[in-house]
2 protein chains.
Amino acid sequence: MQSFFEYIDRLTPALSKEALAAIGEIAARRTVPRRTLLLRAGEICSNFYFIEKGLGRVFYYRNDQEVTAWFGFEGQVISAIDSFFTGFPSEYWIEILEESEVRVVGNQDIEWLFRHYPETERLGRLMITENYLRLDERMKLFAFHTAEQRYQLVLKQFPSILQRVPLHMIASYIGVTQVTLSRIRAEY
Amino acid sequence: MQSFFEYIDRLTPALSKEALAAIGEIAARRTVPRRTLLLRAGEICSNFYFIEKGLGRVFYYRNDQEVTAWFGFEGQVISAIDSFFTGFPSEYWIEILEESEVRVVGNQDIEWLFRHYPETERLGRLMITENYLRLDERMKLFAFHTAEQRYQLVLKQFPSILQRVPLHMIASYIGVTQVTLSRIRAEY
DNA sequence: TACTGATTTTAACATTTGTAAAAGCGCGGG
DNA sequence: CCCGCGCTTTTACAAATGTTAAAATCAGTA
């Protein structure tokens, strides 16, 4: 369990009580059942989701096959950034994999927050930076490592992933088919 | 020629004269000769570079082969984000491909700017968002398209690229070897 | 315990892409 | 004008991964 406010406090410890209270207003807590689709491709994603407990993912279809692009574990953020920041329909799907406790934060509310509490711009900037770096990490996973190394690194990064995520999702996340992942796993 | 201040004005038209003047102070203009390495892997990247005129790239080595990760054409930003935002040594190289006019902006100066002109936090946020989206676009290039389509799309996105960038850099940018790119190009 | 459905592994084969090296092309300098 | 150098294409072969389908394993439950 990782509370949204602990997360905020880590990024911007100096935030005023008023700003924090305002964030409390707009960040609705919600319990989401397993296998819920929070977004379908073609829809506009007007929220981001902070995972306080549980697990979700972002995925897309390539030749009728699901490909997982992003996991959101406890303390992490999930959204369809291609839509969230542009207002255009997303090409991504968002799915909750386990019953989860999330904070839902809407586009409009964030704009309102920035306008009324300019100090929160800094929080916004740091949250985006953190996720930008996460995406860069993912690029580097492919840039510098073989499929086998990617598998090992993902296990290290998310120690509970084998217990919580089916292998075909891990396979597509590391950029191979499930058959290839099986071959990798067999080599031990 | 795309001036840094036009770019800023597009993102934050409401910025105060004082803030703009301060940015003018910290964003040094510099003429960079062709083939200049602005960063080597292992070094800490404490600047970003706005390309007012010319062209640069970010690349890395995979099995002793250069792989281009990012181009910066006029009006775009180049940096090694893995280092710029973290302070750790980068795994990327930055190279200027053509004699270029750039604006160099340092880490420390940006922090100073944010502190003294909080309104500039917004500019920072929007610049990061824009580049985050560019990285996502690049992920989607691979997610949804074949190598041949990636080649076509890159030509469309950067119409002058064939005249300005050798094919081996384009090949690695779209995730294939130069031999494969040659095969793709031959199919017309 | 045995059945059912979901998940994972295995097998056989096809295809793509990479590797290494040679050949071709184009342009500027001697 | 020709040579040489850098860039690009071509060739032949090897290796890795994908595809399809079947078999095996596992989990939950009747």
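Keep in mind that this is a model prediction, so the values were computed, not measured. The chains referred to below are lettered A, B, ... by the order of the sequence lines, with proteins before strands, and numbering in each begins at 1.
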Whether B:Trp93 and B:Tyr61 hold their rings parallel, tilted or perpendicular, with breakpoints at 30° and 60°: perpendicular

Under 4.0 angstrom between A:Thr180 side-chain N/O and D:dG18 OP1 or OP2: yes

Under-4.0 Å side-chain N/O to phosphate OP1/OP2 contact, A:Thr177 with D:dG18: yes

Of all the nucleotides listed ([options]), which has the minimum atom distance to the side chain of [X]?
{"X": "B:Val176", "options": "D:dC7, C:dT9, C:dG18", "value": "C:dG18"}
{"X": "A:Ser182", "options": "D:dT20, C:dA20, C:dT9", "value": "C:dT9"}
{"X": "B:His168", "options": "D:dT8, D:dG18, C:dA20", "value": "D:dT8"}

How close or far is atom [atom2] of [N] from atom [atom1] of [X], stated in whole angstroms?
{"X": "B:Met169", "N": "D:dC7", "atom1": "CE", "atom2": "C1'", "answer": "11 Å"}
{"X": "B:Arg185", "N": "D:dT8", "atom1": "CZ", "atom2": "P", "answer": "8 Å"}
{"X": "B:Asn63", "N": "C:dT19", "atom1": "CG", "atom2": "C1'", "answer": "12 Å"}
{"X": "A:Ile161", "N": "C:dT7", "atom1": "CD1", "atom2": "P", "answer": "16 Å"}
{"X": "A:Ile184", "N": "D:dG18", "atom1": "CD1", "atom2": "P", "answer": "9 Å"}
{"X": "A:Ile170", "N": "C:dT9", "atom1": "CD1", "atom2": "P", "answer": "10 Å"}
{"X": "A:Gln163", "N": "C:dT8", "atom1": "CD", "atom2": "P", "answer": "12 Å"}
{"X": "B:Leu181", "N": "D:dC7", "atom1": "CG", "atom2": "C1'", "answer": "13 Å"}

5'-most by nearest nucleotide on DNA chain D - B:Arg183 or B:Leu167: B:Leu167

Donor-acceptor contact present, side-chain A:Arg150 to main-chain A:Ile174, <3.5 Å: yes

Between B:Ser16 and B:Glu119: side-chain donor-acceptor atoms closer than 3.5 Å: yes

Distance-only side-chain donor-acceptor flag, B:Glu130 / B:Tyr7, under 3.5 Å: yes

Residues A:Arg35 and A:Glu98 bridged, charged N to O under 4.0 Å: no

